[in-house]
Amino acid sequence: EEEEEEEEEEEVEAEAEEVAAETVIEEAVPVVPAEDELEEPEESFSDPEDFVDDISDEELVGDILKDQPEEADGIDSVIVVDNVPQVGPDRLEKLRNVIQKIFSKFGKIANEFYPEADGKTKGYIFLEYSSPTCAVDAVKNADGYKLDKQHTFRVNLFTDFDKYMNISDDWEIPEKQPFKDFGNLRHWIEDPDCRDQCSIIYESGDRTAIMWNDIKEPVVIEERARWTETYVRWSPKGTYLTTFHQRGIALWGGEKFKQIQRFSHQGVQLIDFSPCERYMVSFSPLMDTKDDPQAIIVWDVLTGQKKRGFHCESSAHWPIFKWSHDGKFFARMTQDTLSIYETPSMGLLDKKSLKICGIKDFSWSPGDNVISFWVPEDKDIPARVTLMQFPTRQEMRVRNLFNVVDCKLHWQKNGDYLCVKVDRTLKGIQGLVTNFEIFRMREKQVPVDVVEMKEGIIAFAWEPNGSKFAVLHGEVPRISVSFYHVKNNGKIDLIKLFDKQQGNSIFWSPQGQFLVVAGLRSMNGALAFYDTSDCTLMNVAEHYMASDIEWDPTGRYVVTSVSWWSHKVDNAYWMWTFQGRLLQKNTKDRFCQLLWRPRPATLLTQDQLKQIKKDYKKYSKIFEQKDRLSQSKASKELVDKRRKMMEEFHKYREMTIQIYAEQKPQRLELRGGVDTDELDSNVDDWEEETFEFFVTEEIIPIGDQE
């Protein structure tokens, strides 16, 4: 048995040696692949020997290096607060508590030091935060904080002292920047025919054109492909045309619409201008970060510089910031807070916000630095509407309201009146009851008048330059439009009511007196043109499926349009007079948007305007003559074209007459000397023939028939 086991072991060892030998042979002899299996050598991605790397780490991984820890000397978290009250030991603890309350909002205070001399604090202190970012935040928000009438904090980083101490005493002359001439930015106002301009987007947004509004047909000024990626907007005074792009905003202006300014804001979707056109606000949902707020950016239009950034969770109620009429202030509402910022510092007014519990909405007066806001009911406290003046924050008027469900604030264009639309619930009455609370802003103590409405309100609108307002009320199909007049004697009169109307929107002429009541979209584009001076219905028309209505700045023309963005067929815009007479039907392929170019406010005084209206008959003769001339003749381009064609015809006619005269001998020779050029030539050779036509005559007597 042992011998058999040894023989088996020897056989196993022999087989193992054979396997090992085969393996060694396979490793020693490389397998030569077939020719079709040969592969090309891999391309080398190594840098050449003379390669110079000129790309910095900041360009490659700047976002990562941003969070890289930096070497610090231990004082970058320290701030210096100046103009602190000088107190003795008995009041020091109270001062510490006040300082802690103010400055702990920006981060944890790790250390504090109050220098003393002669038993009192010196008037400045040192605070050390747990991180440098908290120190920077404290300087940004607490600098200029008013503790009381005599003490306004001045806050600086401790590290800034070295920077300011090392400033050179030698003043260096700044480099002179070349002047960029963009031409006359308000050239369109000088048009001798007093025409207005408008922007048109068509071909589903691929083409944008700027046109003169001419009575006969629009005249193209500038037309470009892919000028904007979404839509365009005019600035409030018409100086700039704004185009939207993925990387930001561009402003255009001048006679040739050159690019005047660019603002880099990735993914920008919405913008808003200050009324003075000095600042622009842009919103992008892509750019917001915790440390560097960029969702909303306030820009300086003239320099293109970023003034300040803000966080924003939602743009559902755009504009987020609302501007005062002169552009000196802008305000933002958050939960229980109304923040007022001032320009050009872009900081909080008086370094603090207004705490208004439950604030629902607010609005600036278009004529004064006055804010109106309303607060709903809270337990036993009634709802209230408040008028507050800025920068004094003085309450001008408070109006208490009861059983309130909702309020809407409507300012008249000049700020003379404020209408608060109040929806209430009353006991014993189902549904809502609506009242209009009319505030007379130009009278002492701001008296309030009330107009009660018995039906549901569809739309409300003030006359821009007057004291009338229009209301659409009722339910389909019994919709009515009512016109009211706010009189100086403290009464509000119902001037006229038109029932059985079709409309869901009110559009006043910018100059007042005339308006259009329109049934847009779902109401098939019904149009009614009114004159409120005598409350007459001038005309009723229809633009089927109309989606938008735009008055021109002068109030002479109104445009109705069907936008491709809301309806995919019948895309066009129609031009009407203020009386409702159709002038033009302009069809554009996939028409999207028409916007009139705004005009800046007139430089004439009220007395000068009254004098012009008084002398209207003198001017009207000139205008009527010009209108007749424009109606009797075609446009200048068409007249020139016709004149050129007539001249070419006369030249051709003269040439053919000359050729005809030169060929007369040949005609006489061919016709045996008989001249056939004239009808009365060779009268003797004529032959006269007479033709008789027999006509049957039938006489039918007509007598009295019994």
Holding to salt bridge (Lys or Arg N to Asp or Glu O under 4.0 Å), I want the full list of residues that pass it with [X], two or more places apart in sequence or in another chain.
X	answer
R224	E222
D272	none
D191	R195

Residue pairs passing the side chain to side chain donor-acceptor pair (under 3.5 Å) test with at least one member in residues 494-511, sequence neighbours excluded, are Q501-Y530
What pairs of residues pass the side chain to side chain donor-acceptor pair (under 3.5 Å) test when at least one of them lies in residues 549-560, not counting sequence neighbours? H543-T560, D552-T554, T554-R556, T560-W576
Tell me if the centroids of the rings in Y341 and F310 come within less than 6.0 Å of each other. yes
Before we go on, tell me: are the rings of Y417 and F469 under 6.0 Å apart, centre to centre? no
Residue pairs meeting salt bridge (charged side-chain N to carboxylate O under 4.0 Å, His left out), one or both in residues 465-477, sequence neighbours left out, come to E463-K468
Result block: side-chain N/O donor-acceptor pairs under 3.5 angstrom for residues 296-303, not counting sequence neighbours:
{"from": "W299", "atom 1": "NE1", "to": "S282", "atom 2": "OG", "distance (Å)": "2.8"}
{"from": "D300", "atom 1": "OD1", "to": "R278", "atom 2": "NE", "distance (Å)": "3.3"}
{"from": "D300", "atom 1": "OD1", "to": "L302", "atom 2": "N", "distance (Å)": "3.0"}
{"from": "D300", "atom 1": "OD1", "to": "T303", "atom 2": "N", "distance (Å)": "3.3"}
{"from": "D300", "atom 1": "OD2", "to": "R278", "atom 2": "NH2", "distance (Å)": "3.0"}
{"from": "T303", "atom 1": "OG1", "to": "Q305", "atom 2": "N", "distance (Å)": "3.4"}

Tell me, please, which residues at least two apart from [X] pass side-chain contact (heavy atoms from CB on, under 4.5 Å).
X	answer
R226	none
A209	Y202, M211, E223
K585	W574, L582
V450	R399, N435, E437, E452

Identify, with sequence neighbours excluded, every residue that meets ring-ring contact (aromatic ring centres under 6.0 Å, His included) alongside H410. F460
Flag if over 12 foreign heavy atoms under 6.0 Å of NZ, K258: no
